[in-house]
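Below: one structure, written as structure tokens.
Each chain gets a letter, A, B and so on, in the order the sequences are listed, and its residues count up from 1. Here the structure is a predicted model, which means the values were calculated and not measured.
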Amino acid sequence: MPRKREIAKPKRSERSPQRSPAAARVDADANKSNIPASDDASSRTRVEQGNLRDAASERPWSNQEIAALLDRIGDILAIQGENRFKIIAYQRASDVIEHSSRGVQDVWQGDPANLRAIPGVGEAIADKLDELFRTGQMSYYEKIRAQIPEGLVELLQIPGVGPKTVAKFWKDFNITTLDALKAALENPEKNLPGIGDKTIENLKQGIGTIGLHTTRVQLATAVYFADELIAELQKRAGASIQKISTGGSLRRLRPTIGDIDLLAVSNEPQLVLDAFVKLPQVREVLAKGESKASVVAHNGMQADLRVLEPKNWGTALQYFTGSREHNIRTRDIALKKGLSLSEWSFAKLKGGREIFCDTEEKVYELLGMEWIPPELREASGEIEAAQKHQLPKLIELSDLKGDLQCHSRWSDGVAPIKAMVEGARKRGLKYIAITDHSKGLGVANGLDEKRTREQWKEIDRINHEYDGAFRVLKSVEVEIRADGTLDLPDDLLAGYDLVLATTHSSLTQSREKITERVLKAMHHPLVDIFGHPTGQLIGSREPSALDLEQVFRAALETGTILEIDGTPERMDLTDVNARRAVELGIPLVIDSDAHHPDGFDDLRWGIAMARRGWITKENVLNTLEWDELRKRLKRNL
DNA sequence: GCCGTTTTCGGCCCGACTGTTTTCAGTCG
């Protein structure tokens, strides 16, 4: 769903997914009910911690940090009552940079003119970023930051409080911090004259829920919860619901989800909305009107429901799917065709009948382009491609023929190899690589050489039993040690069908060190795949400082395949990085990292990342039969 | 502040819900 504040408050948490003391994953299913706990100071960026200069380091600026800085400038300008289009310009630049598949500092290369190629970045912002990259500071930011009291921006976190209200607190009541506001609310008649009772109550409530409503959860968690809400709503008001769908970032399958958007068709909207706000999952009703309601569930997630008529379905679904930037672009295109596009219809600017679209296909057709899969609607080139009818044919789950990372109870999985085979067969796969951990990962009961050779015998027996109907590959998830060496000897590695190398420890190494370490492993002739490259765990661990551009170059040089790990908390490579990799011509594999026979369902999330990364079947090697795939492995070239 | 198959100046997506300054501003998506 296109959210204006998506580029302000909620987005901040989306950039730094919430931390929780998530235990090491044993079973992917354990994540289904895992809602990360609220944020803490450790995920704050150097921007949010204040002075850029103090926090400046040799590390390049990440897109997330640059986006947070531009976003913060937008917030300050908004509080100052600046021209709203100037504010929007900073927010748009922030949004584009955050979703850019290339590091902006990398694009810069010492020349601000290079930055102008980024949509939404003009002369002024390019020059400011140039200064930031050269000096580690931005004088414009320092200047405007000094013009408003410290702490004022934080008041924007309160739900329902925007820049105008913050400015009023400051100028009318001299309230500039959250603590001062809390104190003033103790005696509102005296401290906050002219503010109504209802507003006072909302402020008190809002302060209490800071953090709760901005928590982003893993895609899988949100999808399962949305399924639950829809099922319950169908049970209670199903007779009145003709159609129901998810919308927003959930429908676009973003790796993390801020809130759940639902969309329904009904001739009895009040009945459906009443049922919705009374669902057992609902803790609090934020708003309820004639066509929409917003609630907060007991698990802390916000859910919105819109109810409409069949004739509006296409425009409404298109609008509520977003993204915000995508909608701004599509509405702009409509305007140039003399049409005003809203969630209800196309209205003709010069009068005349409204045009209704009961399907999304009709909406895009009127806009002069082909239907765009929701996963691509991020204003990152999909509109231009759709106008030329050159959208890629995105990969689908059913294209996968095998899974090259999964675990049995030989290491940290919970099932015997045979049970994993049956789990994979049930899902239509024809081969799996059993990639139990190597001995270096002591916590995962890693295999030494002796146990490895025992495991191979079992795999031989199973393959014999299936007699070609299914193939189990002898493989390993070998640990790349802190110095870049592998923790199994070469003669053993040579005996596997394929080798997946990953990092699990020393992930806080410097950019230089961890990059050098990974490149060393990628140059090893027996390392076929580099798995879950950045080591990120959504909600609990940031990506390592690994220089992915160098990794991509090394992948091309060495023929090392890169992986998209579909475990909901990993999603690694993530969408933008996967897109960059295939743009450069690097072949990928999509794996579940299953630790349980049902864990193969997580391939679905890997496919989601791939589709968001514009990836086709041809880019992914495990869409091939094993006999074809094996020829593409480095060891067999 | 950005941007251009109407434009280098004059625009910049559209609507629901809330609270309250009862006709609309502020916030949000």
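With both ends at atom C1', the span from dC17(B) to dT23(B) equals 15 Å, rounded to whole Å. Rounded to whole Å, the P atom of dT20(B) lies 16 Å from the corresponding atom of dC28(B). As rounded to the nearest Å, dT6(B) and dG10(B) have C1' atoms that lie 13 Å from one another. Rounded to whole Å, the C1' atom of dT21(B) lies 12 Å from the corresponding atom of dG26(B). As rounded to the nearest Å, dG4(B) and dC13(B) have P atoms that lie 14 Å from one another. Nucleotides dT5(B) and dG1(B) have their C1' atoms positioned 24 Å apart, rounded to a whole Å. With P as the reference atom, dT7(B) and dT18(B) are 43 Å apart, rounded to whole Å.
With a 3.5 Å ceiling on both atom-pair distances, the Watson-Crick or G-U wobble partner of dC24(B) is dG19(B).
For the pair T199(A) and dT18(B), the criterion of a side-chain N or O lying under 4.0 Å from OP1 or OP2 is not met. Between S340(A) and the phosphate of dC13(B), there is no side-chain N or O to OP1/OP2 separation shorter than 4.0 Å. OP1 or OP2 of dG1(B) lies within a sub-4.0 Å distance of a side-chain N or O belonging to K128(A).
In terms of position on DNA chain B, the residue among V121(A) and E343(A) whose nearest nucleotide sits closer to the 5' end is V121(A). Comparing D332(A) and T165(A) by the nucleotide of DNA chain B that holds the closest heavy atom to each, the one mapping nearer the 5' end is D332(A).
The nearest whole Å value for the distance from the CG atom in N327(A) to the P atom in dC13(B) is 11 Å.
The 12-atom threshold is exceeded at CD of Q242(A), counting heavy atoms of other residues, nucleotides or ligands nearer than 6.0 Å.
Under 3.5 Å, the side chains of R579(A) and S380(A) contain a donor-acceptor pair of N or O atoms.
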